[in-house]
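Both backbone and side-chain heavy atoms feed into the values below; hydrogens, waters and symmetry mates do not.
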Amino acid sequence: MPLIAMFNSFCQLVTRKVQCLYSLSKWTVILSLVVLSASCSSREPPDAKLNLNVQPAGRPGLYSLTGTTNLPNQSQITVAAIRYLRPEDQQWMSSESKTIYSILDRQVVRVEDGQWQATLNLWQIAPDGRFREAWQLERSSLEASLQPGNEVSFVATFDPNGQLPTAEQQEVKTPELQGSLVRFNNEGDPYVKTSQTLRVPLPTGRKPPPTVKPEDINWGWGKRYEIPPQPPAPKNIPVETFKTEQTNSPLSPSEFMR
């Protein structure tokens, strides 16, 4: 009897151990699935990518900008060419000097299948026909003469708060922005920015000045303040003579009133 009782006790102990191991393995599997599901659901979004490549586009002053991105399709990207300026009596990188720059050209493009492209024209034609940048055309209105930098910064920016609906009036869904390209404005709103700097000389050369048309003056009204002179009156106007049939003959009977 003691042997049988000991054997039964041993069997019960083994059975409890097996049940305990089964229960532990079951909970282990459940916990593993919960952790895996939580890790998948809380996975962070990928870093925002916005690549930029700038190349001359055939003629002086014209540049082609291309790039790739992982931003949503139809996202709007603003590209611009910027030249930094400084007053001639100040040094570059001075802590007391204010940042002065001129936007030579700007364009807004949309992302198509992860790619985008734009063409910027840095040169304009002055009234005398010379090629000039935007700040050179306005230099006479500046208080001090400016010294331009030797380089031009080509900047591509994605601002989620400035997105406009597509042609189909669909709003672009912007993902959460993070990564090394993310910046923050004064209000704390994020945006994506990338840039490339090239050494770009100032414009040279000229072409025949454009012909000024009346619609190019006074916002299309022309010189409204000028009254065109009236043509001079012709001289030696012949006096038209009127023919009358006057006579002193006596009235005929048909001319009398009846």
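- Remark: side-chain polar atoms of Arg132 are not paired, donor with acceptor, to backbone N or O of Gly129 under 3.5 angstrom.
- The closest donor-acceptor contact from the side chain of Asn121 to the backbone of Leu62 lies at 3.5 Å or more, if one exists at all.
- How far CG of Asp105 is from CZ of Phe154: 10.0 Å, rounded to the nearest 0.5 Å.
- Counting non-hydrogen atoms of other residues, nucleotides and ligands closer than 6.0 Å to CZ of Arg106 gives a total of 12 or fewer.
- Gln163 places a side-chain N or O within 3.5 Å of a backbone atom of Gln76 that can act as its donor or acceptor partner.
- Residues Ser64 and Ala57 come closest through the heavy atom pair N-CB, 3.9 Å.
- In this structure a side-chain-to-backbone donor-acceptor pair under 3.5 Å is present from Asn70 to Asp47.
- Both Ile103 and Val155 belong to a single network of hydrophobic side chains, linked directly or stepwise wherever heavy atoms of I, L, V, M, F, W or Y lie under 4.5 Å apart.
- Across all non-hydrogen atoms, the minimal contact from Leu71 to Phe158 is CD1-CG, 3.5 Å.
- Under a hydrophobic-cluster definition in which Ile, Leu, Val, Met, Phe, Trp and Tyr are linked whenever side-chain heavy atoms come within less than 4.5 Å, directly or via other members, Phe184 and Leu50 are assigned to the same cluster.
- Rounded to the nearest 0.5 Å, atoms OG1 (Thr69) and CD (Glu112) are 12.5 Å apart.
- Gln107 is listed as a side-chain neighbour of Leu120, based on a closest heavy-atom distance under 4.5 Å.
- Atom CD in Glu133 sits 6.0 Å away from atom CG in Leu122 (nearest 0.5 Å).
- Put simply, the side chain of Arg86 never gets that close to the backbone of Ile100: no donor and acceptor are under 3.5 Å apart.
- Gln136 contributes atom CD, which lies 12.5 Å from atom CZ of Phe131 (distance to the nearest 0.5 angstrom).
- Nearest heavy-atom pair, Leu181 versus Ala48, reported as atom, atom and distance to 0.1 Å: CD1-O, 3.8 Å.
- Rounding to the nearest 0.5 Å gives a distance of 9.5 Å between CH2 of Trp135 and CG of Leu104.
- Minimum heavy-atom separation, Val109 to Trp116: CG2-CE3, 3.9 Å.
- Note that the CD atom of Gln55 and the OH atom of Tyr63 stand 10.0 Å from one another [nearest 0.5 Å].
- Minimum heavy-atom separation, Pro148 to Arg83: CB-CD, 3.8 Å.
- Tyr84 has its side chain out of reach of Glu151: every pair of non-hydrogen atoms, C-beta onward, lies at least 4.5 Å apart.
- Contact between Leu164 and Arg110 at its shortest, heavy atoms only, is O-NH2, 3.3 Å.
- Looking only at distances, no side-chain donor or acceptor of Arg206 sits under 3.5 Å from a matching main-chain atom of Arg130.
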Residues 186-203, side-chain donor-acceptor partners within the protein, below 3.5 Å, at least two apart:
{"from": "Asp189", "atom 1": "OD2", "to": "Asn161", "atom 2": "ND2", "distance (Å)": "3.4"}
{"from": "Gln196", "atom 1": "OE1", "to": "Val54", "atom 2": "N", "distance (Å)": "3.2"}

